[in-house]
Amino acid sequence: MMSKSCQGYSKKQPETTDFCLLGATAVGKTDLALELAARFEAEIVSVDAMQVYRGLDIGTAKPGQSERKRIRHHLIDIVDPDEDYHLARFLRDAAAARQDIHRRGKVALFTGGTGLYFKGLFEGIFAYSVKDLSLRDKLQQRLAAEGHDALYAELSRVDPASAARLAPGDSQRLLRALEIFQDSGIPWSEHLRRSRQRALLSGGVPVIGLWRPREELYERINRRVDEMLAAGLLDEVSALLARGYAPELPAMKAIGYRQLVDYLQGDGSLATARELLARDTRRYAKRQLTWFNGMSNISWFAPDDVGGITARIRERGLPA
């Protein structure tokens with residue numbers, strides 16, 4: 001356990017005092033996060049692109065009030081459904097939450113299933129605005145005249161790291177890499193390296209991934225869909241529409257909402273909406289796992305292997 005003498009620190013706190021818990025939807029993150037947070041004196045930072053929205057409760061499997069009273073949560077219910085929320089804003093909010101947690105002498109547990117947000121936590125964000133707007137047109141003309149191979153050879157000379165990670169025929173990123181180099185004089189790969197150095201979390205932070213066999217996970221998803229409908233998801237969607245939130249909003253297009261919006265607007269039966277919701281959630285879980293499999297710093301465990309998970313976190317510097 002952390003002693004009271006640890007309280008009051010912020011910037012000097014080693015990064016290994018924080019840890020991450022991720023996995024596909026319905027895999028069992030919420031219950032385990034609460035248990036680990038209690039064990040390691042942590043507060044939870046939600047890494048979920050939909051739980052930030054007020055009023056989207058049942059469909060996002062948002063922790064209830066009793067769970068939030070038990071363990072303090074951050075980045076839940078912070079914007080209205082018609083507000084724009086994106087990676088850059090999430091990273092700013094996550095940094096502020098982490099600093100707040102550390103100030104109280106606590107550990108930050110980042111947990112959720114939004115792969116893009118986890119990528120941003122470890123790699124930062126790079127958004128370069130080209131000053132010379134004529135560069136892209138010139139490069140596109142060169143691509144048409146000289147061909148992909150010629151421009152790729154040029155990129156290999158000025159930015160071999162970026163060239164090496166391009167997929168064959170990826171002309172869009174090829175042009176982007178050359179554009180950035182010609183405009184800034186700095187290779188794209190170097191810009192990315194610098195953004196990673198400014199990232200909120202480093203490779204020293206333990207990352208626990210939860211895994212279940214596919215059929216078991218899909219059965220849990222199907223069961224969760226029925227539980228959400230029984231808990232009043234349809235009424236929740238109706239209330240959001242009644243409050244004037246348009247079906248075209250990104251929040252209203254989230255899984256669990258767009259299917260029921262369609263039903264409420266006369267498109268199909270409730271049984272069909274339920275089937276589409278379950279199907280789309282299963283597909284989303286598959287995409288989540290594909291994204292997480294692209295991350296090299298995850299230690300995978302079954303959700304009930306609490307002993308192994310705890311030991312792994314302790315190995316990386318957290319006492320319990």
- [ ] Return the minimal non-hydrogen interatomic distance between L21 and F118, and the atom names on each side.
- [x] O-CZ, 3.9 Å
Open item on the list: Just verifying a value: how many Å separate I309 CD1 and S299 OG, rounded to the nearest 0.5 Å?
Closed with: 10.0 Å
TODO: Mark yes or no for whether D183, through its side chain, and V130, through its backbone, hold a donor-acceptor pair below 3.5 Å.
DONE: no
Task: Common cluster, L143/W188, ILVMFWY with side-chain heavy-atom separation under 4.5 Å - done: no
Task: Donor-acceptor pair, side chain of R282 and main chain of Y218, under 3.5 angstrom - done: no
Task: Under 3.5 Å donor-acceptor, H73 side chain and I71 backbone - done: yes
Task: side-chain contact (heavy atoms from CB on, under 4.5 Å) evaluation trace for R68 with R72 - done: CA-CA 5 Å; R68 286 187 254 178; R72 188 167 182 170; over 6 Å; no
Task: V47 vs L22, side-chain contact (heavy atoms from CB on, under 4.5 Å): CA-CA, chis, key distance, verdict - done: CA-CA 9 Å; V47 188; L22 54 78; over 6 Å; no
- [ ] Begin from the C-alpha positions of F301 and W211 and carry the test side-chain contact (heavy atoms from CB on, under 4.5 Å) through to its verdict.
- [x] CA-CA 6 Å; F301 292 88; W211 175 88; over 6 Å; no
TODO: Find out if a path of hydrophobic residues (ILVMFWY) with successive side-chain heavy-atom gaps under 4.5 Å connects I101 to L91.
DONE: yes
Task: Atom of Y152, atom of A164 and distance for their closest heavy-atom approach - done: OH-N, 4.2 Å
Open item on the list: To check you understand the geometry: which heavy-atom pair defines the closest contact between S189 and D159, and what is its length?
Closed with: OG-OD1, 2.6 Å
TODO: Considering non-hydrogen atoms only, spot the tightest contact between T60 and Q51 and give its length.
DONE: O-NE2, 3.0 Å
- [ ] Search all heavy atoms of C20 against all heavy atoms of L201 and return the closest pair with its distance.
- [x] SG-CD1, 3.7 Å
Open item on the list: I'd like to know if E190 and R193 make a salt bridge, using a cut-off of under 4.0 Å between side-chain N and carboxylate O.
Closed with: yes
TODO: Please answer whether the main-chain N or O of G268 pairs with a side-chain N or O of T272 as donor and acceptor at a distance below 3.5 Å.
DONE: no
Task: Student check: side-chain heavy atoms of V158 and Q182 closer than 4.5 Å - done: no
TODO: For side chain to side chain donor-acceptor pair (under 3.5 Å), just list the numbers for S134 and D132, CA-CA rounded to whole Å, side-chain angles, deciding distance to a tenth of an Å, and then say yes or no.
DONE: CA-CA 5 Å; S134 68; D132 185 352; 2.6 Å; yes
TODO: May I ask you to decide if A26's main-chain N or O and R220's side chain share a donor-acceptor pair within less than 3.5 Å?
DONE: yes
Open item on the list: Donor-acceptor pair, distance only, cut-off 3.5 Å: does the side chain of D80 make one with the backbone of E83?
Closed with: no
TODO: Output yes when D280 and R258 qualify as a salt bridge under the 4.0 Å nitrogen-oxygen rule, no when they do not.
DONE: yes
Open item on the list: Check whether E43 reaches the backbone of A108 with its side chain - one donor and one acceptor, N or O, closer than 3.5 Å.
Closed with: no
Task: Salt bridge E219-R224, side-chain N to carboxylate O under 4.0 Å - done: no
Task: Under 3.5 Å: donor-acceptor pair, side chain of K29, backbone of T111 - done: no
TODO: Would you give the length of the straight line joining atom CE of M252 to atom CG of L240, rounded to the nearest 0.5 angstrom?
DONE: 5.0 Å
Task: Pairs meeting criterion ring-ring contact (aromatic ring centres under 6.0 Å, His included) with involvement of residues 238-296, two or more places apart - done: none
- [ ] Answer yes or no: is there an ion pair linking R176 with E179, defined by an N-O contact shorter than 4.0 Å?
- [x] yes
Task: Pair R39 + E35, salt bridge at N-O below 4.0 Å - done: yes
Open item on the list: Can you tell me if Q172 has over 12 outside heavy atoms packed within less than 6.0 Å of its CD?
Closed with: no
Task: Ion pair check, R274 and D226, cut-off under 4.0 Å - done: yes
Open item on the list: Pairing donors with acceptors under 3.5 angstrom, does anything connect the side chains of S46 and H74?
Closed with: no
- [ ] Consider only side-chain heavy atoms of I, L, V, M, F, W and Y, link residues closer than 4.5 Å, and tell whether I76 and M228 are in one cluster.
- [x] no
Open item on the list: Less than 4.0 angstrom from a charged side-chain N to a carboxylate O is my criterion; do K62 and D77 meet it?
Closed with: yes
Open item on the list: Please check: side-chain N/O of R89 versus main-chain N/O of D84, any donor-acceptor pairing under 3.5 Å?
Closed with: yes
- [ ] Verify, without hydrogens or angle tests, whether T114 (side chain) and L116 (backbone) share a donor-acceptor contact under 3.5 angstrom.
- [x] no
Task: Verdict with reasoning, F19 to F40, per ring pair (Phe, Tyr, Trp, His ring centres under 6.0 Å) - done: CA-CA 10 Å; F19 62 108; F40 289 101; 5.4 Å; yes
Task: Worked verdict on K253 versus V261 for side-chain contact (heavy atoms from CB on, under 4.5 Å) - done: CA-CA 9 Å; K253 288 186 174 295; V261 165; over 6 Å; no
TODO: Evaluate whether atom CZ of R173 has more than 12 neighbouring non-hydrogen atoms of other residues, nucleotides or ligands under 6.0 angstrom away.
DONE: no
Task: Stepwise salt bridge (Lys or Arg N to Asp or Glu O under 4.0 Å) check, R312 with E315 - done: CA-CA 5 Å; R312 179 58 176 162; E315 286 175 7; 2.8 Å; yes
- [ ] Determine the interplanar angle of the Y53 and Y85 rings, folded into 0 to 90°, and report it as parallel if under 30°, tilted if 30 to 60°, perpendicular if over 60°.
- [x] perpendicular
Open item on the list: Is there a side-chain contact between I186 and F181 in this structure, where contact means two heavy atoms from C-beta onward sitting under 4.5 Å apart?
Closed with: no
